Peer 1: 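Let me begin by handing over the structure; questions about it come next.
Heads up: numbering here begins at 1 and tracks the sequence. Remember, it's 1-based here, ligands and their atoms both numbered in the order they're listed. All values derive from a computational prediction rather than experimental measurement. The figures here come from the full heavy-atom set of this structure, side chains too, leaving out hydrogens, waters and symmetry mates.
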Amino acid sequence: MKAKTVKAKITIWFSILFIVLVGIVLILLFLIGKSVLKSNTKEQLQTLVEANALELEFLEDEDEMDLEEGDHYLPYKDGYLEIDDDFCGFLDGMYVSLYNGDTLLYGENPIGAGPGEVVFRQGKLREQMYQKEKYYIYDVSVKGEDLDGLWLRGITGESEGISLLARVIRFMALFLPALAAVAVIGGYLISRKALKPLDDICDQAGSINSGSDLTRRICIKNESAETNRLAENFNQMFDRLLDSFESEKQFTSDASHELRTPVAVILAECEYVLGEEDSEEWREALLVIRRQGTKMSEMIEELLTFTRIERGTIKLETERLNLSDLTEGVCREQTQIWKKDIALHRDFQENLYLNADRGLLERMITNLVANAFQYGKEPGNIWVRLYEEDAHVILSVQDDGIGIREEELEKIWNRFYRTDNARKGGDSTGLGLSMVRQIAKLYDAQIKVFSEIGKGSTFLIIF
Ligand code: ADP
């Protein structure tokens with residue numbers, strides 16, 4: 001399934017949120033509005049009926065009538081009933097009618113049932129269904145001189161108030177979704193604008209990838225710290241990729257170059273001895289071939305170990321190693337091998353332990369001590385020290401040999417790198433120190449070198 005874009009996710013999320021919100025607001029508006037209106041309607045009906053009750057008066061005499069005022073007069077008992085012009089028979093959907101017993105004297109009755117069916121009850125608000133609609137009824141018996149037996153009945157339909165609410169709701173139902181639509185479109189546009197630099201980065205990274213030109217870099221406007229960082233990280237990644245491609249190329253060319261020389265020597269020696277009868281010449285040639293063959297085999301072995309460490313496929317046998325004993329063994333062995341007029345001085349703190357693979361650590365120490373012999377001057381000295389400092393185990397191999405030029409100090413850790421002095425010797429491979437660095441990296445150890453040309457070098461491994 002294709003993953004949704006962040007834009008789509010944001011837009012969908014906001015749309016759903018807004019629709020739910022609008023729905024909740026409409027429902028709440030309806031429920032609250034309905035109950036508020038209901039209680040308002042009831043209150044208004046009661047007030048109207050009670051106010052109207054004060055607008056009635058009994059007149060005994062015709063002379064007391066004031067026809068110009070707009071009041072109504074109904075014949076009643078021996079006189080007249082004056083209904084003041086302030087009497088409201090109908091107001092905002094509320095009907096107030098005047099009854100003498102069961103007889104309607106004044107006003108209208110919106111529901112079919114008269115007092116015969118719905119009897120008067122003083123000051124009591126009731127509900128009555130008529131033609132599927134709910135009505136409120138409120139009765140007041142009129143007080144006053146000669147007004148006994150008169151009742152005022154107020155009636156109003158529930159839908160009167162509700163219809164106003166319905167109009168408001170209908171308006172909101174149109175307005176709120178329109179507002180939601182505006183918000184969603186706005187949200188989409190904003191998220192599109194905010195995510196535009198990401199799209200740009202994706203497009204540019206894609207085109208660098210498909211064009212295989214790793215020297216190109218991602219270039220975006222200075223829009224936000226996050227996208228700048230992303231572009232920067234991408235560019236750094238391209239830098240590293242380019243570096244590793246370059247060093248891969250360099251490595252292949254160096255390795256083939258280094259292997260070509262011994263192979264050429266072997267082939268030349270073979271050609272030479274095949275044309276010779278003398279067995280002494282044969283012997284010498286075979287010795288050369290064996291030396292070159294051994295060098296090639298060592299080189300191939302080292303390269304294989306490199307690759308295995310790099311890929312993490314090397315089989316490590318980690319154990320609790322007595323580093324002091326191990327270093328002592330290496331020093332003894334190297335002194336025997338080199339047979340040079342160089343004195344090896346040891347200064348070891350006893351029983352320093354480390355969890356590591358014996359073979360790899362031995363190789364690392366051997367490379368350092370062998371270099372000290374190889375690049376040492378005769379007569380000369382080597383100092384191998386092993387001590388613990390600030391919770392670190394430190395191995396130091398110092399010589400007073402030929403030293404290394406400052407500008408070469410960085411390069412000696414590279415694969416196949418040899419200084420000019422070393423090249424002259426012919427036996428070195430230029431792989432020893434890069435192996436030391438690789439093994440140190442495997443054990444999170446720090447490596448340091450101090451050297452002065454003509455005076456000597458010191459190599460430090462800090463575990
Ligand atoms: P190799 O010794 O096989 O040439 P290394 O990787 O061990 O390869 O060393 C790389 C280069 O660093 C050497 O060729 C040499 O020039 C220089 N080097 C290493 N150790 C020393 C040392 N103790 N004194 C002077 N030069 C050194």
Peer 1: Is G432 in polar range of ligand 1, meaning some N or O pair under 3.5 Å apart?
Peer 2: yes
Peer 1: Kindly confirm or rule out an N or O of N371 lying under 3.5 angstrom from an N or O of ligand 1.
Peer 2: yes
Peer 1: Is there a donor-acceptor pair under 3.5 Å between the side chain of N109 and the backbone N or O of A113?
Peer 2: yes
Peer 1: Counting N and O atoms only, with roles assigned by atom type, does the side chain of D400 sit under 3.5 Å from a partner on the main chain of G380, one being a donor and the other an acceptor?
Peer 2: no
Peer 1: Determine whether the side chains of Q398 and R385 contain a donor N or O and an acceptor N or O closer than 3.5 Å.
Peer 2: yes
Peer 1: Does at least one non-hydrogen atom of N367 fall below 4.0 angstrom from an atom of ligand 1?
Peer 2: no
Peer 1: Going by the order shown, which atoms of ligand 1 are within less than 4.0 Å of some heavy atom of S457?
Peer 2: 22 (C), 24 (N), 25 (C)
Peer 1: Judged by atom type as modelled, is there a donor-acceptor pair below 3.5 Å linking the side chain of Q349 to the main-chain atoms of E388?
Peer 2: yes
Peer 1: Just wondering, more than 12 heavy atoms not from E317 lying within 6.0 Å of its CD?
Peer 2: no
Peer 1: As a check for students: among V449, D399, L433, identify the option with a heavy atom nearest to atom 9 (O) of ligand 1.
Peer 2: L433
Peer 1: If the contact criterion is a heavy-atom separation under 4.0 Å, does G401 count as touching ligand 1?
Peer 2: no
Peer 1: Which residue from W413, F416, Y417, Y375 reaches closest to atom 21 (C) of ligand 1 through any of its heavy atoms?
Peer 2: Y375
Peer 1: What atoms of ligand 1 come within less than 4.0 Å of a heavy atom belonging to T419?
Peer 2: 14 (O), 15 (C), 16 (O)
Peer 1: Look up atom CD in E302 and atom CZ in R363, then write down how far apart they are to the nearest 0.5 Å.
Peer 2: 5.5 Å
Peer 1: If you measure every N/O of F459 against every N/O of ligand 1, is any gap under 3.5 Å?
Peer 2: no
Peer 1: Whether R192 and D199 form a salt bridge (side-chain N of Lys/Arg under 4.0 Å from carboxylate O of Asp/Glu) is what I want to check.
Peer 2: no
